[in-house]
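Notes to accompany the following structure.
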Amino acid sequence: VSEVQMYLTELTRLSGGESLGYQRLIAQEHEKGKNHNAADYARQALPYIVYAPKLGNVIFDTFLSCGLLEDAEQPFQKIAHCKLLPKEKLMRLRSKLASAKSQAALDLQKFQCALQEARKAYDICPELEQALLYARLMILQNQSRQARKLLEKTWKETPDPKIIDLYFTTYDVLDSFAKYQMVEKLVQENSSHPTSLLARARAAMTAELWGVARSHLQEYQGHYP
């Protein structure tokens, strides 16, 4: 490993070899579990982002994984300024940064700040993980009705079992039959999707609605043998 590190360090000193050398040095430190060493290499590699957009992503992700959010702003700004990535990919990076800031604020129990950053992340990139974070923070801020609507919209676009338990927390305590009814409400806009059919069947089984569960499973089998 030490010899590989020596060769990679030499590579970073060669014109045209900097990007490859730093990418591999950063990866090597991650593999050894030395994330802050990886962050040190990422700082050294910052000037070479302009030659390699992939290196910019590696540096950005390295800073995020270490919780160095201010440092993560640097590669993001450089990538944006030099127009190294398509707009869609740049927006994904911006959303990831906002999500990380939201989680950091949540860890410090700064709930309003966490909610603002989560909203920003979702507005930029309205996908599953951003929606779950945003909904969770709305629930913590006693905005259960808004969170419920967001989760229903998310299920319509991206059905996923992670949504269900969070959806239940937007209501007061539910018994198993009430939970079945809530699942039916959640999936109503996308009720024949395979994930919806399995969710309905599981909720029906938990409520001991055996005939209903069987009908959902038979529909599932008919569409997805």
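In this text the structure is predicted, and so the values were computed from the model without any measurement. All values below were derived from every heavy atom in this structure, side-chain atoms included, with hydrogens, water molecules and symmetry-related copies excluded. Positions are given from 1, in the same order as the sequence printed here.
Taken to the nearest 0.5 Å, the SG atom of Cys113 stands 5.5 Å off from the CD atom of Glu117. Note that the CG atom of Asp165 and the CG atom of Leu151 stand 11.0 Å from one another [nearest 0.5 Å]. Rounding to the nearest 0.5 Å places CZ of Phe111 at 8.5 Å from CG of Leu137. The distance from atom CZ of Phe60 to atom NZ of Lys78, rounded to the nearest 0.5 Å, is 15.0 Å. The NE2 atom of His193 sits 9.5 Å away from atom CG of Leu197, with the distance rounded to the nearest 0.5 Å. The CD atom of Gln188 sits 10.0 Å away from the NZ atom of Lys156 when rounded to the nearest 0.5 Å.
Minimum heavy-atom separation, Ser102 to Ala114: OG-O, 2.7 Å. The shortest heavy-atom contact between Ala131 and Leu150 is O-CD2, 3.7 Å. Nearest heavy-atom pair across Pro159 and Thr195 is CB-CB, 3.9 Å. Closest approach of Thr12 and Glu18 over heavy atoms only: O-CG, 3.2 Å. When every heavy atom of Leu166 is checked against every heavy atom of Ala135, the shortest pair comes out as CD2-CB, 4.0 Å. Closest non-hydrogen pair, Pro75 versus Gly56, comes out as CB-O, 4.1 Å.
Counting heavy atoms of neighbouring residues, nucleotides and ligands inside a 6.0 Å radius, atom CD of Glu70 does not exceed 12 of them. By the 6.0 Å contact criterion, CG on Asp172 is open, its count of non-hydrogen atoms from other residues, nucleotides or ligands being 12 or less.
Under the salt bridge (Lys or Arg N to Asp or Glu O under 4.0 Å) criterion, the residue pairs touching residues 99-114 are Glu73-Lys101, with sequence neighbours excluded. Among pairs with a residue in residues 11-47, those fulfilling ring pair (Phe, Tyr, Trp, His ring centres under 6.0 Å) read Tyr22-Tyr48, at least two apart in sequence or across chains.
Neither Leu133 nor Leu64 shares a network with the other; the hydrophobic side chains, linked directly or stepwise wherever heavy atoms of I, L, V, M, F, W or Y lie under 4.5 Å apart, form separate groups for each. Leu128 is not connected to Tyr134 by any chain of hydrophobic side-chain contacts under 4.5 Å among Ile, Leu, Val, Met, Phe, Trp and Tyr, and they are in different clusters. Note: the hydrophobic cluster containing Leu8 also contains Leu46 (ILVMFWY, side chain heavy atoms under 4.5 Å, direct or indirect links). Hydrophobic clustering (side-chain heavy atoms under 4.5 Å, transitive across Ile, Leu, Val, Met, Phe, Trp, Tyr) groups Ile26 together with Ile79. Clustering ILVMFWY residues whenever any of their side-chain heavy atoms sit less than 4.5 angstrom apart, transitively, puts Leu209 in a cluster other than the one holding Leu198.
For the pair Gln116/Arg119, a side-chain contact is recorded, criterion being any heavy-atom separation below 4.5 Å from C-beta on. Put simply, the side chain of Thr154 does not reach to within 4.5 Å of the side chain of Leu132, judged on heavy atoms. With a 4.5 Å cut-off on side-chain heavy atoms, Pro194 and Tyr224 count as touching.
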Verdict with reasoning, Lys32 to Glu29, per salt bridge (charged side-chain N to carboxylate O under 4.0 Å, His left out): CA-CA 5 Å; Lys32 292 189 291 186; Glu29 294 304 315; 3.1 Å; yes
Worked verdict on Glu152 versus Glu189 for side-chain contact (heavy atoms from CB on, under 4.5 Å): CA-CA 8 Å; Glu152 288 167 0; Glu189 296 291 336; over 6 Å; no
side-chain contact (heavy atoms from CB on, under 4.5 Å) assessment of Asn37 paired with Leu25: CA-CA 9 Å; Asn37 286 354; Leu25 283 168; over 6 Å; no
Verdict with reasoning, Ser19 to Gln23, per side chain to side chain donor-acceptor pair (under 3.5 Å): CA-CA 6 Å; Ser19 172; Gln23 283 186 58; 3.0 Å; yes
Derivation of the side-chain contact (heavy atoms from CB on, under 4.5 Å) call for Gln103 and Leu106: CA-CA 5 Å; Gln103 188 60 56; Leu106 180 59; 3.8 Å; yes
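Using modelled atom types, one finds no donor on one side chain facing an acceptor on the other under 3.5 Å when comparing Tyr167 with Arg148. Remark: the Gln5 side chain and the Thr9 side chain contain no N/O donor-acceptor pair separated by less than 3.5 Å. Between the side chains of Ser196 and Trp155, at least one donor N or O sits under 3.5 Å from an acceptor N or O.
Taking Ile, Leu, Val, Met, Phe, Trp and Tyr as hydrophobic and joining them when side-chain heavy atoms fall under 4.5 Å apart, one finds Trp210 in a cluster with Met205. Through side-chain heavy atoms spaced under 4.5 Å, either directly or across other Ile, Leu, Val, Met, Phe, Trp or Tyr residues, Met6 is tied to Tyr7.
Comment: Arg43 engages Asp40 in a salt bridge, judged by a side-chain N to carboxylate O separation of less than 4.0 angstrom. Salt-bridge annotation for Lys162 and Glu129: present, with a side-chain N of the basic residue lying under 4.0 Å from a carboxylate O of the acidic one.
Residues forming a salt bridge (charged side-chain N to carboxylate O under 4.0 Å, His left out) with Lys34 (at least two apart in sequence, or on another chain): none. Contacts of Glu31 classified as side-chain hydrogen bond (donor to acceptor under 3.5 Å, both in side chains), with partners at least two apart in sequence or in another chain: Arg24. Shown here are the ring-ring contact (aromatic ring centres under 6.0 Å, His included) partners of Phe76, two or more places apart in sequence or in another chain: there are none. Taking the salt bridge (charged side-chain N to carboxylate O under 4.0 Å, His left out) definition, one finds that Glu10 meets it with Arg13, sequence neighbours left out. With sequence neighbours left out, the ring-ring contact (aromatic ring centres under 6.0 Å, His included) criterion links Phe63 to no other residue.
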Distance-only criterion, 3.5 Å: show the donor-acceptor pairs between side-chain atoms of residues 176-186 and protein atoms not counting sequence neighbours.
unit_1: Tyr180; atom_1: OH; unit_2: Glu184; atom_2: OE2; d: 2.9
unit_1: Tyr180; atom_1: OH; unit_2: His216; atom_2: NE2; d: 3.3
unit_1: Glu184; atom_1: OE1; unit_2: Arg200; atom_2: NE; d: 3.3
unit_1: Glu184; atom_1: OE1; unit_2: Arg200; atom_2: NH2; d: 3.4
unit_1: Glu184; atom_1: OE2; unit_2: Arg200; atom_2: NE; d: 2.9
unit_1: Glu184; atom_1: OE2; unit_2: His216; atom_2: NE2; d: 3.4
unit_1: Lys185; atom_1: NZ; unit_2: Tyr171; atom_2: OH; d: 3.3

Side-chain donor-acceptor pairs of residues 140-147 under 3.5 Å, sequence neighbours excluded:
unit_1: Gln141; atom_1: NE2; unit_2: Gln112; atom_2: OE1; d: 2.9

Show the atom names and distances, to 0.1 Å, of all donor-acceptor pairs under 3.5 Å that link a side chain in residues 87-98 to residues at least two apart or in another chain.
unit_1: Arg92; atom_1: NH1; unit_2: Glu127; atom_2: OE1; d: 3.0
unit_1: Arg92; atom_1: NH1; unit_2: Glu127; atom_2: OE2; d: 3.2
unit_1: Arg92; atom_1: NH2; unit_2: Glu127; atom_2: OE2; d: 2.7
unit_1: Ser95; atom_1: OG; unit_2: Ala121; atom_2: O; d: 2.9
unit_1: Ser95; atom_1: OG; unit_2: Gln130; atom_2: NE2; d: 3.1
unit_1: Lys96; atom_1: NZ; unit_2: Asp61; atom_2: OD1; d: 2.8

